[in-house]
*Asks:* 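Submitted below is the structure of interest, expressed as structure tokens.
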Amino acid sequence: MPRITPRAGIMDIALYKGGDSALPGKASITKLSSNENPLGTPDPAREAFQRAVHELNRYPGTDHAALRTAIGETHGLDPAQIICGAGSDEIIHLLCQAYAGPRDEVIHTEHGFLMYPISARAAGARPVQVAERDRRVDVDAVLAACTKRTRLVFIANPANPTGTMLDAADLRRLAEGLPERVLLVLDGAYAEYAGDYDAGAALIAQRDNVFMTRTFSKIYGLGGLRVGWGYGPQAIIDVLGRIRGPFNLGTPQLAAAEAAVRDRDWVARCRTENAKWREWLTEALIAMDVAVDRSQANFILARFRDEAESMACDAHLRNEGIIVRRVGSYGLPNCLRITVGDEASCRRVAHEIGVFKGLR
Ligand SMILES: *Cc1c(COP(=O)(O)O)cnc(C)c1O
């Protein structure tokens, strides 16, 4: 027995496995496994990053004021109520560290993002999984699962990997129905893809038990940079600020993210392109007898007859150099999550699914 042992719960954490990015023996691949932006990164962000290389000897600022101001201006939010982190993953982590500990419970839903139970366990808390209803968050089931130990409820809206979402009325009902002392965290990683959804901002303005997390990794095309942010009641921002590493974001990250968030045309263009090819891909798969829910994000969830068929399809796609995401670890063994790529990638993956189905 090793004598130096971690705190209880740490060894229960299943290591997070990202989407594969390479296939043995394949020089050129189509990567549709990590919901990355097929249009790349906005030019102003790339240029700001390049300018930042001239000051790498200097420590970054600790208050992230310029980035928070830019986010505030673009989204109509008070910069004082914004906290920036190394991806929204860090914000999720800080929330668990600050609000959940041993004997506390953290609710996530059946097909929810794996970082929620990971961060809950890292804080020593107990993750509680609540069943969904036909791949949708079930508000009543979440409310019923709350106990006096519940501290946090994590809901991604739109959700990953299902692509479904709760509407404003459901979100309000959830926020209003939670016991005191429970914070509702709305993970808005894909909010920009979902039409005119405000990611919960209006709800946060009216309540003190709702918080949102956002990211630069998806529509802003900066997954490699690691920048995310949170917005919520001032009291919660003040708590998280105490445990955040003062230098958690480097100068190039801050500069590139600030330039990106000011590029509103980029967001509009990516949203339009994504919606167009998301619909196209959805229709193409449904026409081939592969079930697909209407996604509000930048991926679709393809449902096959059973696990065997989804694994066989995945193997065929890999053989053709296309990487999609298996989602058995999300409780969806008969499904594959496919990022909405550019036109060529969408046509390619649809064609190969057709070949697999014996239709091409
Ligand atoms: C991709 C994703 C994020 C983003 O995480 P970052 O750490 O900001 O890159 C957050 N939540 C969900 C549900 C995601 O799918």
Side-chain angles (χ1 to χ4, degrees), residues 6-7 9-21 31-36 85-97 99-100 104-132 135-138 141-142 145 150-166 183-191 211-215 217-218 223 226 228 230 293 295-303 307 310-311 314 323-339:
R7 213 176 52 209
I10 303 289
M11 295 311 287
D12 300 332
I13 296 175
L15 274 187
Y16 183 89
K17 195 174 165 298
D20 288 337
S21 54
K31 187 185 177 208
L32 301 174
S33 56
S34 297
N35 301 339
E36 293 149 340
S88 45
D89 282 357
E90 185 181 15
I91 309 296
I92 294 167
H93 214 68
L94 294 177
L95 285 163
C96 288
Q97 292 292 322
Y99 290 99
D104 290 333
E105 295 174 353
V106 173
I107 289 181
H108 63 96
T109 63
E110 186 179 357
H111 308 302
F113 190 40
L114 293 175
M115 284 313 297
Y116 311 145
I118 290 176
S119 288
R121 286 201 170 95
R126 193 168 81 85
V128 173
Q129 178 173 312
V130 175
E132 298 189 12
R135 298 166 304 283
R136 284 179 175 279
V137 170
D138 181 339
V142 171
T150 308
R151 304 304 309 275
L152 293 165
V153 172
F154 282 102
I155 307 278
N157 206 43
N160 171 18
T162 57
T164 61
M165 81 186 284
L166 295 178
L183 180 66
L184 171 62
V185 181
L186 299 176
D187 178 339
Y190 303 99
F211 193 91
M212 72 156 84
T213 62
R214 307 288 291 269
T215 187
S217 301
K218 306 287 158 56
R226 314 305 305 131
D293 294 320
S295 167
Q296 304 294 325
N298 66 341
F299 53 83
I300 58 143
L301 186 69
R303 292 189 339 264
E307 178 168 4
S310 85
M311 290 301 105
D314 185 49
I323 310 179
V324 300
R325 186 71 179 264
R326 293 183 181 185
V327 283
S329 56
Y330 286 88
L332 296 160
N334 62 325
C335 299
L336 296 175
R337 191 192 69 193
I338 307 173
T339 301

*Asks:* Return the OH to OG distance between Tyr16 and Ser119, rounded to the nearest 0.5 Å.
*Replies:*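 It comes to 11.5 Å.
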*Asks:* Report yes if the side chains of Phe113 and Asp89 come closer than 4.5 Å at any heavy-atom pair, otherwise no.
*Replies:*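 Touching, per the 4.5 Å side-chain cut-off.
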*Asks:* Residues in ring pair (Phe, Tyr, Trp, His ring centres under 6.0 Å) with Phe154, at least two apart?
*Replies:*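 Partners of Phe154 by the ring pair (Phe, Tyr, Trp, His ring centres under 6.0 Å) criterion, ordered by chain and then number, come out as Tyr116.
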*Asks:* Sequence neighbours left out, what passes side-chain hydrogen bond (donor to acceptor under 3.5 Å, both in side chains) with Arg226? Give chain and number order.
*Replies:*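 Arg226: side-chain hydrogen bond (donor to acceptor under 3.5 Å, both in side chains) contacts with Ser217.
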*Asks:* Just jot down the side chain to side chain contact (heavy atoms under 4.5 Å, CB included) partners of Thr339, sequence neighbours excluded, or say none.
*Replies:*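 For Thr339 the side chain to side chain contact (heavy atoms under 4.5 Å, CB included) partners, ignoring immediate neighbours, are Leu32, Asn35.
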*Asks:* Report the distance from atom CD of Gln97 to atom NE2 of His93, rounding to the nearest 0.5 Å.
*Replies:*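 Between atom CD of Gln97 and atom NE2 of His93 there are 4.5 Å.
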*Asks:* By side-chain hydrogen bond (donor to acceptor under 3.5 Å, both in side chains), which residues pair with Arg126, not counting sequence neighbours?
*Replies:*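 Arg126 satisfies side-chain hydrogen bond (donor to acceptor under 3.5 Å, both in side chains) with Glu105 once adjacent residues are dropped.
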*Asks:* Can you see which heavy atom on Ala145 is nearest to which on Thr150, and at what distance?
*Replies:*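 Smallest interatomic distance, heavy atoms only, reads O-OG1, 4.1 Å.
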*Asks:* Kindly compute the distance separating CG (Asp20) from CZ (Arg325), expressed to the nearest 0.5 Å.
*Replies:*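 Here the interatomic distance stands at 8.0 Å.
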*Asks:* Quick check: closest heavy atoms across Val106 and Ala100, and the distance to 0.1 Å?
*Replies:*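 Closest heavy-atom pair between Val106 and Ala100: CG2-CB, 3.6 Å.
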*Asks:* Not counting sequence neighbours, list each pair that qualifies as a salt bridge (Lys or Arg N to Asp or Glu O under 4.0 Å) and has a residue in residues 109-118.
*Replies:*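 Sorted pair list comes back empty.
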*Asks:* Roughly how far apart are Leu336 CG and Ile323 CD1, rounded to 0.5 Å?
*Replies:*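 CD1 of Ile323 is found 13.0 Å from CG of Leu336.
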*Asks:* OH of Tyr330 to OG1 of Thr162: how many Å apart, nearest 0.5 Å?
*Replies:*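 Reported to 0.5 Å precision, the distance equals 11.0 Å.
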*Asks:* Any donor-acceptor pair under 3.5 Å linking the side chain of Arg337 with the backbone of Ser33?
*Replies:*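 Yes, Arg337 side chain to Ser33 backbone: donor-acceptor pair under 3.5 Å.
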*Asks:* Answer yes or no: is there a donor N or O on one side and an acceptor on the other, between the side chain of Thr109 and the main chain of Glu132, under 3.5 Å?
*Replies:*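 Checking the backbone N and O of Glu132 against the side chain of Thr109, no donor-acceptor pair under 3.5 Å is found.
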*Asks:* The criterion is salt bridge (charged side-chain N to carboxylate O under 4.0 Å, His left out); which residues satisfy it with Asp314, sequence neighbours excluded?
*Replies:*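 If we apply the salt bridge (charged side-chain N to carboxylate O under 4.0 Å, His left out) test to Asp314, skipping adjacent residues, the hits are Arg318, Arg326.
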*Asks:* Look at the side chain of Ser34 and the backbone N and O of Glu36, then say whether any donor-acceptor pair between them is shorter than 3.5 Å.
*Replies:*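 Between the backbone of Glu36 and the side chain of Ser34 there is no qualifying donor-acceptor contact (under 3.5 Å).
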*Asks:* Who pairs with Gln296 by side chain to side chain contact (heavy atoms under 4.5 Å, CB included), at least two apart in sequence or on another chain?
*Replies:*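 Side chain to side chain contact (heavy atoms under 4.5 Å, CB included) check on Gln296 returns Pro158, Met165, Ala194.
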*Asks:* Taking the side chain as every heavy atom from C-beta outward, state whether Val130 and Asp138 have any atom pair closer than 4.5 Å.
*Replies:*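 No, side chains not in contact.
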*Asks:* Evaluate the side-chain proximity of Leu95 to Thr213: yes if any heavy-atom separation is below 4.5 Å, no if none is.
*Replies:*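 Counting from C-beta outward, Thr213 and Leu95 do come under 4.5 Å.
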*Asks:* Mind checking what makes side-chain hydrogen bond (donor to acceptor under 3.5 Å, both in side chains) contact with Arg136, not counting sequence neighbours?
*Replies:*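 Expected list: none.
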*Asks:* Who are the side chain to side chain contact (heavy atoms under 4.5 Å, CB included) partners of Pro127, not counting sequence neighbours?
*Replies:*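 Per chain and number, Pro127 pairs via side chain to side chain contact (heavy atoms under 4.5 Å, CB included) with His108, Pro117, Ala120, Arg121.
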*Asks:* List in chain and number order the residues that pass side-chain hydrogen bond (donor to acceptor under 3.5 Å, both in side chains) with Ser88, two or more places apart in sequence or in another chain; answer none if no residue qualifies.
*Replies:*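 If we apply the side-chain hydrogen bond (donor to acceptor under 3.5 Å, both in side chains) test to Ser88, skipping adjacent residues, there are no hits.
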*Asks:* Any donor-acceptor pair under 3.5 Å linking the side chain of Asn157 with the backbone of Leu166?
*Replies:*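 Side chain of Asn157 to backbone of Leu166, a donor-acceptor pair under 3.5 Å: yes, one is there.
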*Asks:* Which pair of non-hydrogen atoms, one from Pro161 and one from Leu332, has the smallest distance, and what is that distance?
*Replies:*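 Looking at all heavy atoms of both residues, the shortest contact is CG-CD1, 3.7 Å.
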*Asks:* Is there a donor-acceptor pair under 3.5 Å between the side chain of Ser310 and the backbone N or O of Pro333?
*Replies:*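 Yes, because the side chain of Ser310 sits within donor-acceptor range (under 3.5 Å) of the backbone of Pro333.
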*Asks:* Taking all heavy atoms of Ser21 and all of Lys31, pick out the closest pair and write down the distance.
*Replies:*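 Where Ser21 meets Lys31 most closely, the heavy atoms are CB-CE, 3.7 Å.
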*Asks:* Rounded at 0.5 Å granularity, tell me how far CD1 in Ile92 sits from CG in Asp187.
*Replies:*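 Taking CD1 in Ile92 and CG in Asp187, the distance rounds to 5.0 Å.
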*Asks:* Do Val142 and Val153 have side-chain heavy atoms sitting under 4.5 Å apart?
*Replies:*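 A side-chain contact under 4.5 Å exists here.
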*Asks:* Tell me, please, which residues at least two apart from Asp293 pass salt bridge (charged side-chain N to carboxylate O under 4.0 Å, His left out).
*Replies:*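 Counting only residues at least two positions away or on another chain, Asp293 forms a salt bridge (charged side-chain N to carboxylate O under 4.0 Å, His left out) with Arg135, Arg303.
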